[in-house]
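Everything on this sheet refers to the single structure shown next.
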Amino acid sequence: EISACLVGSEMCIRDRIPWLNMSRILSADGWLDARMLDGVTGYLRIKTWAPSDERSSSSITGPYFERFRSELDSAMAALINAEDLVLDVRGNGGGSDALCAWLASYFVPEPMRVYVLRYRQPKSLRSGDGFDNVDRKPATYSRQPGPVRTTRLWVLVDSGSFSATDTIIHILTRNIPEQVTLIGRPSGAGVGGPQTIGTLRNTRAVLTVSTCKAFSVCGDLLEGAPAEIEHPVQWTRNAITMGKDPDLETALRLIGEKR
């Protein structure tokens, strides 16, 4: 089964290795996993920022969001004693920016600089107009009410990390760079609010376009510009067949060297 999946994505390969397909202990939806690896090292795996299949706004601002935020708070409570936290967002294709910003607020003090968005107007999606016809809008999100943690963060990233995952990577690396270390491979580098505008008649392919551009607070375009990976890691066939996780192993080695 593993060899048959080598032509697929890295996540496809990893999820077929029993040791790496970690149990999901906190949520019935299986979108996160929190555990202490030892007395002072935590592990938080977040598979998606869109845990529900619900596509209405309630999944971000209503009861769905409240539920997922509560589950995230429970996970963080289980990690209260972590001096080092491995944040695993590999293969996380995105979802709610509000949810990822909520997690970031556990570590980033006020003011938490997120990004600036420049939106297309609805009619411009089909007319071909650019983004310059709409003023930039700063993004703001609610915060968790507790104290800010000074936990060292070791973030596992790969090319499947996209959208809201790029958002939290940006928040962490721009606001608390001294606490954050990126490990793995560059992210997908896109946070542009994709929106479906139609289906092609013959192929039935769904056409999706970006509805906004995201800029850093300094004015740098974030699309297509992944954060620099401080410790690049490449997977090998041997590591895969032996059931190893080179990214996690690198994080634990670096944590040991830091202590």
Side-chain angles (χ1 to χ4, degrees), residues 1-51 68 71-72 74-76 78-95 100 103 151-166 168-169 172 180-189 226-259:
E1 186 176 13
I2 294 174
S3 61
C5 194
L6 289 178
V7 296
S9 68
E10 175 187 309
M11 279 298 299
C12 176
I13 297 169
R14 286 210 321 270
D15 283 348
R16 281 162 171 75
I17 302 175
W19 185 80
L20 296 178
N21 192 7
M22 299 179 179
S23 61
R24 303 151 187 175
I25 59 176
L26 290 182
S27 170
D29 286 348
W31 68 283
L32 56 75
D33 174 16
R35 64 182 70 189
M36 294 296 292
L37 301 180
D38 58 36
V40 291
T41 305
Y43 174 86
L44 178 61
R45 164 77 174 135
I46 300 183
K47 195 168 186 177
T48 179
W49 300 106
F68 299 134
E71 292 177 359
L72 189 54
S74 296
M76 292 303 295
L79 299 167
I80 187 65
N81 294 321
E83 297 177 2
D84 292 276
L85 177 62
V86 178
L87 176 58
D88 188 350
V89 290
R90 294 173 294 180
N92 186 331
C100 75
L103 175 61
T151 311
R152 290 186 294 265
L153 299 173
W154 309 84
V155 187
L156 307 186
V157 185
D158 66 10
S159 60
S161 306
F162 197 72
S163 193
T165 302
D166 271 309
I168 192 170
I169 291 172
L172 296 175
V180 181
T181 301
L182 300 185
I183 300 168
R185 290 146 304 287
S187 70
E228 181 180 355
I229 302 297
E230 297 172 67
H231 295 275
V233 178
Q234 295 300 326
W235 282 52
T236 65
R237 182 181 294 270
N238 184 56
I240 293 170
T241 56
M242 293 183 65
K244 295 182 177 181
D245 185 338
D247 302 329
L248 181 58
E249 290 175 358
T250 299
L252 296 178
R253 175 179 58 79
L254 292 170
I255 290 171
E257 294 173 355
K258 197 77 172 179
R259 292 176 182 166

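Both backbone and side-chain heavy atoms feed into the values below; hydrogens, waters and symmetry mates do not.
In plain terms, the two heavy atoms of W49 and A164 that are nearest each other are CD1-CB, 3.7 Å. Residues W31 and E71 share a closest heavy-atom pair of NE1-OE1, 2.6 Å. Contact between G95 and A50 at its shortest, heavy atoms only, is CA-CB, 3.8 Å. Closest of all the heavy-atom pairs between P246 and V233 is CB-CG1, 3.6 Å. Summarising the geometry of D166 relative to G188, their closest heavy-atom pair is OD2-C, 3.7 Å, with the distance given to 0.1 Å. Closest approach of S161 to R90, counting heavy atoms only: OG-CA, 3.8 Å.
Going from atom CG of D88 over to atom CG of L32 covers 12.0 Å, rounded to the nearest 0.5 Å. Between the CD atom of E83 and the OG1 atom of T151 there is a distance of 8.5 Å, given to the nearest 0.5 Å. Here the CG atom belonging to N92 is positioned 10.0 Å from the NZ atom belonging to K47, to the nearest 0.5 angstrom. With rounding to the nearest 0.5 Å, the separation of CG in D247 from CD in Q234 is 9.0 Å. Here OG of S163 is found 12.5 Å from CD1 of I168. Values are rounded to the nearest 0.5 Å. One distance of note links OG1 of T41 with CG of N81; it measures 11.5 Å at 0.5 Å rounding.
Using a 4.5 Å heavy-atom cutoff, the side chains of R45 and L156 are not in contact. Looking at heavy atoms from C-beta onward, T48 lies out of side-chain contact with F68 at the 4.5 angstrom threshold. Contact annotation: the side chain of V180 approaches that of V155 to within less than 4.5 Å [non-hydrogen atoms, C-beta and beyond]. With contacts defined as side-chain heavy-atom distances shorter than 4.5 Å, the pair S187/T165 does not qualify. Side-chain contact between L72 and I46 is present, with heavy atoms from C-beta onward closer than 4.5 Å. Side-chain atoms of R152 and R259, non-hydrogen and from C-beta on, do get closer than 4.5 Å to each other. Between L172 and L87 there is a side-chain heavy-atom pair separated by less than 4.5 Å. Annotation: side chain of L252 is not in contact with side chain of W154 (no heavy-atom distance under 4.5 Å).
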task = Start with the C-alpha gap between R185 and V157, add the side-chain angles, then the distance that decides, and say whether side-chain contact (heavy atoms from CB on, under 4.5 Å) holds.
result = CA-CA 6 Å; R185 290 146 304 287; V157 185; over 6 Å; no
task = Could you check L103 against L44 for side-chain contact (heavy atoms from CB on, under 4.5 Å), going step by step and ending with a plain yes or no?
result = CA-CA 11 Å; L103 175 61; L44 178 61; 4.2 Å; yes
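Of the charged side-chain nitrogens involved, none lies within less than 4.0 Å of a carboxylate oxygen, so that K258 and D84 do not count as a salt-bridged pair.
For the side chain to side chain contact (heavy atoms under 4.5 Å, CB included) with T250, the lone residue among I183, D245, I255 that qualifies is I183.
Heavy atoms of other residues, nucleotides or ligands lying less than 6.0 angstrom from CD of E257 number more than 12.
The backbone N or O of G91 lies less than 3.5 Å from a partner atom in the side chain of D158, making a donor-acceptor pair.
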